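Since the structure comes first, as structure tokens, the remarks are kept for the end.
Computed from a prediction, not measured in an experiment: that's the story for all the values here. All values below were derived from every heavy atom in this structure, side-chain atoms included, with hydrogens, water molecules and symmetry-related copies excluded. For ligands, and for the atoms within them, numbers begin at 1 and follow the listed sequence.
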Amino acid sequence: VEASKRAAATAAVQNHYPTNAKWVGIGSGTTIVYVVEAIKNSGTDTTLTKFVPTGYQSKQLVTSAGLTAVEFDAIPEGVVLDIAFDGADEIDDDLNCIKGGGACLFQEKIVALQAKEFICVADSRKLQSRLLTNWAYIPIEVAPIAALRVLRKLRELGSEGPTVRLNVLGKEGPLKTDQGFFIVDAPFPPLLTTTDIQAGKDGSGKNGVWEVATLAQKIKAIPGVLEVGIFYGLTGPQAQAVGAVGGQKPV
Ligand code: DER
């Protein structure tokens with residue numbers, strides 16, 4: 001698996017990293033480590049390039065690689081990132097992504113949306129026809145005070161058994177994000193794609209079955225939700241997974 005992550009990351013950098021890049025978004029997780037490694041090994045001069053991290057782990061990755069990290073809120077007005085790289089937990093046929101396995105989805109989304117081009121780097125294990133096929137739940141960043149109410153609302157939307165993500169090892173109790181928020185993990189049946197809808201399937205939430213964007217918007221509208229770990233509507237010129245230039249499937 002590590003070899004396929006490294007191969008996907010190397011291909012992403014070789015095929016998409018602009019040699020004159022001045023501003024680059026760097027995501028979170030394990031695959032992104034190989035993206036930074038590939039940037040360093042590419043021989044590109046990065047002394048004047050600013051790298052915008054998507055959380056504490058991402059910032060550590062950038063600075064320990066000897067690259068210049070600039071926090072999102074320090075980006076000068078009007079600056080658009082040349083490109084942003086990140087990983088994903090699952091990718092569907094429309095190149096929508098489930099993100100948030102690493103609990104950084106909020107900063108990952110604002111960095112992705114600040115970039116001209118968003119490159120999602122993932123090995124083929126992540127590619128499924130529909131989201132929530134192999135990855136079971138949608139990560140959602142939630143204000144702690146509202147968490148119980150959000151859980152109730154998610155159950156009303158058809159999620160069976162949404163939970164507040166707990167710390168693993170060490171500190172007891174709920175995990176806190178870089179924003180000091182909770183992560184709620186909400187399982188749903190697989191999310192319908194545009195092909196499903198065009199084939200007449202019903203993505204309006206009956207029996208908890210939703211179309212991707214519809215559910216993302218429903219969840220985002222729940223008071224107390226900061227951001228939802230569904231990256232959608234990024235296909236086409238805005239976003240390309242490795243090998244997905246022009247809408248082909250990621251390799
Ligand atoms: O949290 C995220 O969305 C991260 O990008 C992460 O889940 C990606 O997964 P990886 O560790 O398999 O690259």
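Using a 4.5 Å cut-off on side-chain heavy atoms (C-beta onward), Lys22 and Thr49 make no contact. Between Val33 and Leu61 the shortest side-chain heavy-atom distance falls below 4.5 Å. The side-chain heavy atoms of Asn96 and Phe231, taken from C-beta on, include no pair separated by under 4.5 Å. Gln114 has its side chain out of reach of Val52: every pair of non-hydrogen atoms, C-beta onward, lies at least 4.5 Å apart.
At a threshold of 4.5 Å between side-chain heavy atoms, the hydrophobic network of Ile, Leu, Val, Met, Phe, Trp and Tyr places Val164 and Val225 in one connected group. Ile183 and Leu132 sit in two unconnected hydrophobic clusters of ILVMFWY residues. Membership requires side-chain heavy atoms under 4.5 Å apart, directly or through other members.
If you check which protein heavy atom lies closest to atom 10 (P) of ligand 1, you get Thr30 OG1, 3.3 Å. When only non-hydrogen protein atoms are considered, atom 12 (O) of ligand 1 lies nearest to Lys126 NZ, 2.7 Å. The closest protein non-hydrogen atom to atom 13 (O) of ligand 1 is Thr31 OG1, 2.7 Å.
Considering backbone and side-chain atoms alike, Gly102 places an N or O below 3.5 Å from some N or O of ligand 1. Checked by distance only, ligand 1 and Cys104 stay at 3.5 Å or farther apart across all their nitrogen or oxygen atoms. Considering backbone and side-chain N/O atoms, Lys99 comes within less than 3.5 Å of an N/O atom of ligand 1.
Residues passing the salt bridge (Lys or Arg N to Asp or Glu O under 4.0 Å) test with Lys109 are Glu227, sequence neighbours excluded.
Residue-level proximity to ligand 1 for Ala122 is absent, since no heavy atom of it falls below 4.0 angstrom. With a heavy-atom cut-off of 4.0 Å, Ile32 does not touch ligand 1 at all.
Proximity of Asp89 to ligand 1 is established by a heavy-atom distance of less than 4.0 Å.
For atom 4 (C) of ligand 1, the candidate residues are Gly87, Gly101, Ser28; the nearest heavy-atom contact is made by Ser28. Of the listed residues (Gly100, Ala8, Ala88), the one carrying the non-hydrogen atom nearest atom 8 (C) of ligand 1 is Ala88.
Taking 4.0 Å as the cut-off between side-chain N and carboxylate O, Arg165 and Asp185 count as a salt-bridged pair.
Close contacts between ligand 1 and Glu108 involve ligand atoms 1 (O), 2 (C), 3 (O), 4 (C), 5 (O) [criterion: under 4.0 Å to a heavy atom]. Taking a cut-off of under 4.0 Å to the non-hydrogen atoms of Gly29, the atoms of ligand 1 that pass are 11 (O). Close contacts between ligand 1 and Asp86 involve ligand atoms 5 (O) [criterion: under 4.0 Å to a heavy atom].
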- request: Start with the C-alpha distance between Thr44 and Thr46, add both sets of side-chain angles, then the distance that settles side-chain hydrogen bond (donor to acceptor under 3.5 Å, both in side chains), and finish with yes or no.
  value: CA-CA 6 Å; Thr44 305; Thr46 54; over 6 Å; no
